[in-house]
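Structure, as structure tokens:
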Amino acid sequence: QVQPVESGGGLVQAGGSLRLSCTATGRTFSGYAMGWFRQAPGKEREFVGAVGWNGKLSMMADSVKGRFTISRDITNDTGYLDLNSLKPEDTGVYYCAAGYYSGAKFQPGYWGQGTQVTVSS
């Protein structure tokens, strides 16, 4: 089975940027859609964005539209989440997941361990 591995988290000031990466161990991401989620302290995990198996059909949560961008490099089997204009409320653990689209919704199947993003004010 595919095992996503996230990297790129860290501490950044408000207004700054980060690029998160998601690679795979075990199987490749081939054929899977890729999604990103985040979980803030004391809150439930929430959907951030997803991109289709071919790098198309991306969707983003309203809370991050215009600030975050999702993409994937099929050749290098890597997914990316670019975080721009970061706000303190973007703080949390960001998770990558391999899954599939069910209608207009991303269904996660395999989760990574997460990477911490902390935005200071």
Side-chain angles (χ1 to χ4, degrees):
Q1 65 183 37
V2 61
Q3 178 61 54
V5 179
E6 306 90 341
S7 61
L11 173 63
V12 63
Q13 289 188 331
S17 299
L18 282 174
R19 164 169 268 201
L20 306 184
S21 299
C22 182
T23 57
T25 61
R27 280 191 58 183
T28 69
F29 284 124
S30 178
Y32 288 102
M34 181 184 295
W36 288 90
F37 293 74
R38 67 184 180 184
Q39 188 166 18
K43 295 188 177 181
E44 294 187 354
R45 191 173 300 188
E46 64 172 352
F47 172 77
V48 174
V51 60
W53 65 271
N54 58 358
K56 301 178 181 179
L57 296 178
S58 64
M59 61 174 73
M60 305 299 293
D62 289 342
S63 59
V64 303
K65 277 182 182 176
R67 300 190 299 121
F68 293 7
T69 303
I70 191 169
S71 62
R72 64 190 295 176
D73 183 334
I74 304 299
T75 301
N76 293 321
D77 201 36
T78 301
Y80 302 100
L81 182 67
D82 290 303
L83 291 65
N84 298 303
S85 303
L86 282 161
K87 306 174 182 180
E89 52 264 42
D90 294 318
T91 293
V93 179
Y94 283 68
Y95 298 89
C96 176
Y100 59 94
Y101 281 124
S102 177
K105 189 173 182 179
F106 174 78
Q107 297 289 345
Y110 302 97
W111 292 95
Q113 293 299 307
T115 185
Q116 176 71 43
V117 172
T118 303
V119 185
S120 63
S121 58

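Computed from a prediction, not measured in an experiment: that's the story for all the values here.
For Tyr100, the side-chain contact (heavy atoms from CB on, under 4.5 Å) criterion is met by Ser102, Gln107, not counting sequence neighbours. Judged as a side-chain contact (heavy atoms from CB on, under 4.5 Å), and not counting sequence neighbours, the contacts of Thr69 are Asp82. Phe47 is linked by a ring pair (Phe, Tyr, Trp, His ring centres under 6.0 Å) to Phe37, counting only residues two or more places apart in sequence or in another chain. Residues satisfying the salt bridge (Lys or Arg N to Asp or Glu O under 4.0 Å) test with Lys65, not counting sequence neighbours, are Asp62. Trp53 meets the ring pair (Phe, Tyr, Trp, His ring centres under 6.0 Å) test with no other residue; sequence neighbours excluded.
Side chain of Tyr101 to main chain of Leu57: a donor-acceptor pair is present (N/O by atom type, distance under 3.5 Å, no hydrogens or angles). Judged by distance alone, the side chain of Asp77 and the main-chain N or O of Phe29 form a donor-acceptor pair under 3.5 Å. Within the 3.5 Å criterion, the main-chain N or O of Cys22 finds no donor-acceptor partner in the side chain of Arg72. Side-chain atoms of Ser30 never come within 3.5 Å of backbone atoms of Thr28 as a donor-acceptor pair (strictly under, hydrogens ignored). A donor-acceptor pair under 3.5 Å is formed between the side chain of Gln3 and the backbone N or O of Trp111. A donor-acceptor contact shorter than 3.5 Å is absent between the side chain of Thr23 and the backbone of Thr78.
Both Met60 and Trp36 belong to a single network of hydrophobic side chains, linked directly or stepwise wherever heavy atoms of I, L, V, M, F, W or Y lie under 4.5 Å apart. Clustering ILVMFWY residues whenever any of their side-chain heavy atoms sit less than 4.5 angstrom apart, transitively, puts Val2 in a cluster other than the one holding Tyr80.
Side-chain atoms of Leu18 and Val117, non-hydrogen and from C-beta on, do get closer than 4.5 Å to each other.
Atom CD of Glu6 and atom CG of Leu20 lie 8.5 Å apart (nearest 0.5 Å). Atoms OG and CZ, on Ser7 and Arg19 in that order, are 10.5 Å from each other to the nearest 0.5 Å.
Among residues at least two apart or in separate chains, there is no salt bridge (charged side-chain N to carboxylate O under 4.0 Å, His left out) pair with a member in residues 106-121.
Here the options are Glu46, Glu89, Glu44, the test is salt bridge (Lys or Arg N to Asp or Glu O under 4.0 Å), and the partner is Arg38; only Glu46 passes.
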